[in-house]
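Below: one structure, written as structure tokens.
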Amino acid sequence: MHDEDIKPEWIDIEITEGVAMSSQVSMEEIFSGLANIGISISIDDFGTGYSSLSYIKRFDIDRLKIAKELIDNIAEDKNTLLIVKAIIMMARGMGLKTIAEGVEEPNQLEILKVLECDEIQGYIFGRPVPPEIFELEHIDKTTLSSK
């Protein structure tokens, strides 16, 4: 594969809160440079680390990935539910997308739908599989061959 075959908008770099906050390098410059060429930036495990709201407005990011630890307890713990709701509302207000990590149970998925979380990741949709298995199970070969 040639590098010109990869479109920048296909790339999403995930940075943990800890790295974003403790890096010696100017993350603002790095994030801005990546955004300028069309690469998306996600803050991973949001809500369990530093969670400094000031860096979210400083950095040119696209998504907040809500930590699995919060999603695990969203149905049982009212305070966790309120934290997740606040993260989603804040992100929406700032023009950021939200991704819930580690969704495994139908009740978690339903709550996140009600809260209008933008994207969901987790075993509820399936376990990781090798690419060839994924292709067999999920890609319609007739559609690909007609293009």
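It should be emphasised that the depicted structure is a prediction, and the values quoted were computed from it without experimental measurement.
- For Glu105, there are no side-chain hydrogen bond (donor to acceptor under 3.5 Å, both in side chains) partners, not counting sequence neighbours.
- With sequence neighbours excluded, the residues that form a side-chain contact (heavy atoms from CB on, under 4.5 Å) with Ile11 are Ile6, Ile13, Ile39.
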> Hey, mind stepping through Leu115 and Leu81 against side-chain contact (heavy atoms from CB on, under 4.5 Å) and telling me if it holds?
Replying inline: CA-CA 10 Å; Leu115 296 177; Leu81 173 64; 4.0 Å; yes

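- Among residues two or more places apart in sequence or in another chain, the side-chain hydrogen bond (donor to acceptor under 3.5 Å, both in side chains) test is passed with Asp77 by Thr80.
- For residues 80-91, no pair satisfies salt bridge (Lys or Arg N to Asp or Glu O under 4.0 Å), with sequence neighbours left out.
- For Ala35, the side-chain contact (heavy atoms from CB on, under 4.5 Å) partners at least two apart in sequence or on another chain are Asp60.
- In terms of modelled atom types and a separation under 3.5 Å, the side chain of Gln108 and the main chain of Ile74 share no donor-acceptor contact.
- Here the shortest heavy-atom pairing between Leu109 and Phe125 reads CD1-CZ, 4.3 Å.
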What side-chain donor-acceptor pairs closer than 3.5 Å can you find for residues 94-104, not counting sequence neighbours?
unit_1	atom_1	unit_2	atom_2	d
Thr98	OG1	Asp118	N	3.3
Thr98	OG1	Asp118	OD2	3.4
Glu104	OE2	Lys68	NZ	3.4

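- Met90 and Ile88 fall within a single hydrophobic cluster, where Ile, Leu, Val, Met, Phe, Trp and Tyr are joined by side-chain heavy atoms under 4.5 Å apart, directly or via other members.
- In terms of the side-chain hydrogen bond (donor to acceptor under 3.5 Å, both in side chains) criterion, Asp62 has no residue partners (sequence neighbours excluded).
- Identified under the side chain to side chain donor-acceptor pair (under 3.5 Å) test for residues 31-41, with sequence neighbours left out: none.
- Hydrophobic clustering (ILVMFWY, side-chain heavy atoms < 4.5 Å, transitive): Ile124 and Ile71 are in one cluster.
- Looking at residues two or more places apart in sequence or on another chain, you find no ring pair (Phe, Tyr, Trp, His ring centres under 6.0 Å) involving Tyr123.
- Separation of atoms CG (Asn79) and CG (Leu70) is listed at 11.5 Å; rounding is to 0.5 Å.
- Residues forming a side-chain contact (heavy atoms from CB on, under 4.5 Å) with Lys78 (at least two apart in sequence, or on another chain): Leu82.
- Atoms CD1 and CG, on Ile41 and Leu64 in that order, are 12.5 Å from each other to the nearest 0.5 Å.
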